[in-house]
Amino acid sequence: MAEKKTPRKRRNTGGTATAEEITEAAAESQEQGPTTQEGAAPTGEAKEDFQALQRRREATALDVARDFPDKYRLAGEMEGCPDARKLELLERLVKTREFDARMRRLFRQGRFEGTFYSQIGQEACDVVIAFQLKKTDFVGPSHRDLGASVGKGIPLRALAAQVYNRVDSPDGGRYTACHYWHPEYWVMQPSTSIMMNWIAATGAAFGFKMLKKDNVAVAFGGDGATAHGDFHEGCNFAGVHGLPIVYVIQNNLWAESLPLSLTTAVRDLSHRADAYGFPGITIDGNDVVAVWNATRTALDRARGGEGPTLIEMKTYRWFGHSDIDPADYRSEDEVEQWMERDPLPRYVAWLRESEVLDEETLEDMRARVRKEVEQAVEFAEASARPEPDAFLSDVFVHEYPGFDVRAGR
Amino acid sequence: MSVAAITYIDAINRTLHEEMARDETTFLIGEDTGIYGGVFKATRGLLEAFGPERVIDSPISESLIAGMTVGAAMVGCRPLPEIQFADFISPAFDQIVQQLARYRWRTDGTYAMPVTIRCPWGGGVGGGVFHSQSNEAWFMNVPGLVMVAPSTVRDAAGLLRAAIRSDDPVLYWEHKKLYRSIKDEIADGEEIVTEIGRAHVAREGRHVTAVTFGYLLHLTLKAAETLSADGIEVEVIDLRTLLPLDTPTVLESVSKTGRAVIVHEAPKTGGIGGEIAAVLAEQCFWELDAPIRRLTGFNTSFPAAKAMEDHYMPGVEEIERALRETAET
């Protein structure tokens, strides 16, 4: 039986460093190239050039009202989406991006341990569908799905505390940073081992069906993940049983350093759905209007008992696999081209042309979001570091006579 | 209330029926478990009783069978997956070890994972390497996982019921050789619950302790009977729970006898016997009167031909000899 736990002890009681204390000037001088974990960050002059480029791109990413080539203008209408919802959705997208960019800077400043998995460029793929879910619908995200959490409405402060591995993280700092989840919002904990979430979300969809609950599940994976056996085992089972699930593949062309051509000989990953007897569709994952319409249809299908849908969203991550990956396996041209297809300016322009959004509303929204991001950072930085032995609980529910969690010490 | 002797596999089947009737959040999923009633017939009649919504004939997808239980448990189900042969559990290893067993810990105690995975295991059935292994040691180093292995008919029922009602993930190791070779009485409607985590002293003695489980418990008891005639009283411990091991019971017994022989089917290297021996060496070294001994399978894979299989499995005479030598050291 799923057991809900009441949050314990540890609450943020205010603390030492605040975000304001870290001026951007100081931040610049503090920036340091991490030296551990996957990949190797550039050093020396190359490092300066690299970091300057990163900062330029972040600044571009944050300019969500910027111009872009006409060929990327959005067309059509978002079915069943009132104007107020369109703006609310924009706010979630902006929030995801602002949070991401802020965390990248804080990571370079050494404000938290580990690494950071930037999602910038891919936000539409998970924010838009998560935004449409009921709170009790199930989300099985991957490690890059910040937007699934923001889209579903998890407060930024909880996400920031998760990045910082502090006591106010939903897992109290014991799990893995940037693996966002929240029990109240039914976003499960992503597993670093690829595609476990795919199978778990399939199981949740099975559970909803068996227990006759009016809920759906959404699972996220990348292009690389479609090569994993669990992709097949999950889709196949969901097809056989007509489970209420939407499978989203974010095809960003690179599985860490692996180009798509070495993942698969298939052109459109949605073709794989043919093997499972349910619809597969490939869309521009950077087109918010298209993503809205496709995911809305798929969610309606799932909720209506018509079974799964596989949606391939073509998209791109602007930065490395993690923030210590210089992503030098890709050409700069490729990155620049995809930056022109940024989902946020395209959606902003569409909203303006539709006369849903004016400049003042956008500026208010950005100011509101930035404030919330800063408050989240302050919250995380003020949140206590976990006690060194706080990980020694909850191995089991029950007690066993021969089990001693400290036996090895 | 009628009392009839039933087999080990009947005890499993009956308990599954009873527990699935008792808790409608339970469901069964496995290969050939529904229409066919299981390759050993452990799940016969369940599809008819509970329907295809709760008794799932899975595709050949062990990772799915084990891994889908995590999401299902999160939304309120109590899953009862079956791995057709314990030897086929390796594709499910990632899901069991990294996800199911750790999910409670990972989420800081937010979720329980009330999942019972049944695994038919063990040699002596002429099955060759993919149908005979004793591969429980693969999981010994996994925090958060519980493993039980009933050796008797009543424990087959009692441990299964306890596992299904437990909120921790349990690997339930059912020995194929015992399915139809032993019988015992269980009254209709008798709800046996065997406490998980507690070993059972199957025979009391004062000269040497034998620690074992599964089919080999029965051979060990036979050997003990023979030795008793020669004045050697063997205390036989049926582990019942393999993880977390009931070290207090083993320590208490060996502290009394001063001698220990551990008997299991799996290869010696890295087997459960090594863990038990280490605990004894750490915690009751000064009570020991003789070296700890392990009598196990060979450090090979499990052979097929009858003569080879018979040689691979520790036999009554070998167990008797090991106990006698240790008792007389």
Side-chain angles (χ1 to χ4, degrees), chain A residues 1-5 8 136 138 140 169-176 181 183 186 188-189 191-193 196-213 215 217 229-230 232-234 236-237 240-241 390-391 393-405 407, chain B residues 24-25 27 29 53-54 56 58-59 61-79 91 94-95 98-99 101-114 143-146 166-169 195-199 241 243-250 279:
Chain A
M1 210 72 55
E3 173 189 297
K4 280 281 189 67
K5 188 190 60 170
R8 56 174 86 149
T136 51
F138 190 97
S169 162
D171 49 78
R174 64 168 57 190
Y175 184 47
T176 305
W181 69 287
W186 287 97
M188 82 169 288
Q189 204 175 60
S191 290
T192 316
S193 190
M196 287 192 158
N197 59 309
W198 199 262
I199 293 284
T202 305
F206 172 86
F208 288 147
K209 190 177 180 207
M210 189 193 104
L211 299 171
K212 298 183 169 50
K213 290 187 181 172
N215 283 108
D230 283 347
H232 165 72
E233 292 196 16
N236 185 56
F237 185 76
V240 168
H241 291 275
F391 68 94
S393 64
D394 299 306
V395 176
F396 294 111
V397 175
H398 305 292
E399 289 186 3
Y400 303 97
F403 179 67
D404 175 6
V405 75
Chain B
E24 62 185 22
T25 68
F27 70 88
I29 180 169
E53 294 80 17
R54 290 179 59 202
I56 312 301
S58 166
S61 301
E62 288 84 6
S63 183
L64 179 279
I65 291 170
M68 65 84 78
T69 67
V70 173
M74 284 175 75
V75 302
C77 296
R78 191 165 282 263
D94 200 21
Q95 294 286 350
Q98 308 267 41
Q99 183 91 318
R102 297 178 203 270
Y103 205 69
R104 178 175 184 77
W105 180 89
R106 276 172 34 185
T107 58
D108 201 20
T110 303
Y111 293 97
M113 285 288 129
L145 195 62
V146 173
S166 166
D167 289 328
D168 285 322
E195 187 184 348
I196 295 175
R198 296 246 183 235
T241 293
L243 189 68
L245 278 166
D246 181 5
T247 47
T249 297
V250 177
V279 169

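Chain letters run A, B, ... following the sequence lines, proteins first and then strands; every chain starts at 1. All values below come from the heavy atoms of this structure, side chains included, with hydrogens, waters and symmetry mates left out.
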Going from [atom1] on [X] to [atom2] on [Y], what distance comes out if it is rounded to the nearest 0.5 angstrom?
X	Y	atom1	atom2	value
B:R104	A:D394	CZ	CG	5.0 Å
A:E233	B:S58	CD	OG	8.0 Å
B:D108	A:D171	CG	CG	7.0 Å
A:M188	B:Y111	CE	OH	8.5 Å

Side chain from CB out, backbone as N, CA, C, O: work out which of these in [X] comes under 4.5 Å of a heavy atom of chain B, or both, or neither.
X	answer
A:M210	side chain
A:F403	both
A:F396	both
A:W198	neither
A:K209	neither

Out of [options], which one racks up the most heavy-atom pairs below 4.5 Å with chain A?
options	value
B:Q99, B:E195, B:E62	B:Q99
B:I29, B:L245, B:I65, B:D94	B:D94
B:S63, B:G67, B:G197	B:S63
B:L243, B:D246, B:V250, B:V146	B:V146
B:P169, B:P79, B:A72, B:P91	B:A72

Identify which part of [X] has an atom lying under 4.5 Å from any heavy atom of chain A, answering side chain, backbone, both or neither.
X	result
B:V279	neither
B:S166	both
B:T69	neither

Would you mind reporting whether [Y] and [X] have side-chain heavy atoms less than 4.5 Å apart?
X	Y	value
A:H241	B:I56	yes
A:Y400	B:T241	no
A:P170	B:T110	no

To check you understand the geometry: which heavy-atom pair defines the closest contact between [X] and [Y], and what is its length?
X	Y	result
A:V397	B:D168	N-OD1, 2.6 Å
A:P401	B:P248	O-CG, 3.6 Å
B:G76	A:L211	C-CD1, 4.0 Å
B:W105	A:F391	NE1-O, 2.8 Å
A:G207	B:V75	CA-CG2, 3.8 Å
B:D167	A:H398	N-NE2, 2.9 Å

_Greater than 12 external heavy atoms within 6.0 Å of B:E24's CD_ = no

*Name the option with the most non-hydrogen atom pairs under 4.5 Å to chain B; the candidates are A:T176, A:V395, A:V240.*
A:V395

*Does the pair A:N236 and B:S61 meet the rule for a side-chain hydrogen bond (donor to acceptor under 3.5 Å, both in side chains), with working shown?*
CA-CA 9 Å; A:N236 185 56; B:S61 301; 4.8 Å; no

_Residue among B:R102, B:Q95, B:R106, B:Q98 satisfying side chain to side chain donor-acceptor pair (under 3.5 Å) with A:S191_ = B:R106

